[in-house]
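Heads up: the structure comes next, in structure tokens.
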Amino acid sequence: MIDLLKKINLFASLTADELEEIQKICLKERIAKDTVIFKEGDAGDRCYIITAGEARISKFIPNIGEEALAVLKPGDYFGEMALIDNFPRSAHAIANTDLEVLAINKADLDKVLIRDREMGYKLLWTFTRTLSKRLRETNEKMAGFLAMSGGF
């Protein structure tokens, strides 16, 4: 599993020893196609790393329906905001296909990061870059949506 973790952007800056610590807290899960992994508003206590299949991250907009924000593939991860804060989920995550993931519980990661602050800083910077990128993408989509609906 270490070789797999090395390929995940989230863990790219970690050393072999740090990857071993992460490996110890990863839980393998299989999720059937069309399963709702979590809903917007749910409490979040774990993140997911896709090892096979696809997941979509969506918002449900009143009177419009589902708006897919992203389709994630192997190597992508989602739900990471739950590892940073204690706020409810900000979107839905749905298995687009049969899905295999590695799940990391917040409590388990917190224990590892308390022991290894340097790893914590590395992961925090990666989380920050990921969240910034996703916010920019969402802003662009929303601007496009508003332009099409005459909101601008």
[Y] backbone acceptor or donor facing [X] side chain under 3.5 Å:
{"X": "Asp108", "Y": "Asn105", "answer": "no"}
{"X": "Ser132", "Y": "Thr128", "answer": "no"}
{"X": "Asp42", "Y": "Lys39", "answer": "yes"}

Measure across [X] and [Y] and return the closest heavy-atom pair with its distance rounded to 0.1 Å.
{"X": "Ala95", "Y": "Ile37", "answer": "N-CD1, 4.0 Å"}
{"X": "Ala52", "Y": "Pro74", "answer": "CA-CG, 4.0 Å"}
{"X": "Ser58", "Y": "Ala91", "answer": "O-CB, 3.3 Å"}
{"X": "Thr51", "Y": "Val101", "answer": "OG1-N, 3.8 Å"}
{"X": "Lys106", "Y": "Asp85", "answer": "CE-O, 4.3 Å"}
{"X": "Ile57", "Y": "Ala93", "answer": "CD1-CB, 3.8 Å"}

Check: [Y] and [X] side chains under 4.5 Å, non-hydrogen atoms:
{"X": "Leu113", "Y": "Leu123", "result": "yes"}
{"X": "Leu10", "Y": "Glu80", "result": "no"}
{"X": "Lys133", "Y": "Glu137", "result": "yes"}

Intermediate values then yes/no, side chain to side chain contact (heavy atoms under 4.5 Å, CB included), Glu118 and Lys122: CA-CA 6 Å; Glu118 177 143 345; Lys122 290 177 186 178; 3.9 Å; yes
Exercise answer: donor-acceptor pairs, residues 24-33 side-chain atoms, under 3.5 Å, sequence neighbours excluded:
unit_1, atom_1, unit_2, atom_2, d
Lys24, NZ, Glu21, OE2, 3.1
Glu29, OE2, Arg46, NH1, 2.5
Arg30, NH1, Glu100, OE2, 2.9

Report the C-alpha distance between Met1 and Leu102 in whole Å, list the side-chain angles of each, state the deciding distance to 0.1 Å, and finish with yes or no for side chain to side chain contact (heavy atoms under 4.5 Å, CB included). CA-CA 10 Å; Met1 186 186 312; Leu102 298 175; 4.0 Å; yes
Please report the C-alpha distance between Arg56 and Leu72 in whole Å, then the side-chain angles of each, then the deciding distance to 0.1 Å, and finally whether the side chain to side chain contact (heavy atoms under 4.5 Å, CB included) criterion is met. CA-CA 6 Å; Arg56 72 181 178 276; Leu72 305 176; over 6 Å; no
So how far is it from [X] [atom1] to [Y] [atom2], rounded to the nearest 0.5 Å?
{"X": "Tyr121", "Y": "Thr126", "atom1": "OH", "atom2": "OG1", "answer": "14.5 Å"}
{"X": "Thr130", "Y": "Leu135", "atom1": "OG1", "atom2": "CG", "answer": "12.5 Å"}
{"X": "Ile2", "Y": "Lys7", "atom1": "CD1", "atom2": "NZ", "answer": "13.0 Å"}
{"X": "Glu20", "Y": "Asp17", "atom1": "CD", "atom2": "CG", "answer": "5.5 Å"}
{"X": "Glu67", "Y": "Ile61", "atom1": "CD", "atom2": "CD1", "answer": "5.0 Å"}

Regarding Glu66 and Lys59, does a basic nitrogen lie under 4.0 Å from an acidic carboxylate oxygen?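 So Glu66 does not pair with Lys59 through a salt bridge.
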So does Lys73 pair up with Glu54, basic N to acidic O under 4.0 Å?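 Result for this pair is yes, salt bridge flagged.
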Single-linkage hydrophobic cluster [X]~[Y], side-chain heavy atoms < 4.5 angstrom:
{"X": "Ile8", "Y": "Ile22", "result": "yes"}
{"X": "Ile50", "Y": "Ile104", "result": "no"}
{"X": "Met81", "Y": "Phe11", "result": "yes"}
{"X": "Leu4", "Y": "Phe78", "result": "no"}
{"X": "Leu83", "Y": "Leu14", "result": "yes"}

What do you reckon, is CZ of Phe60 surrounded by more than 12 foreign heavy atoms closer than 6.0 Å?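 Above 12, so yes.
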Tell me whether the rings of Tyr77 and Phe127 are parallel (<30°), tilted (30 to 60°) or perpendicular (>60°).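 Rings of Tyr77 and Phe127: perpendicular, as their planes differ by over 60°.
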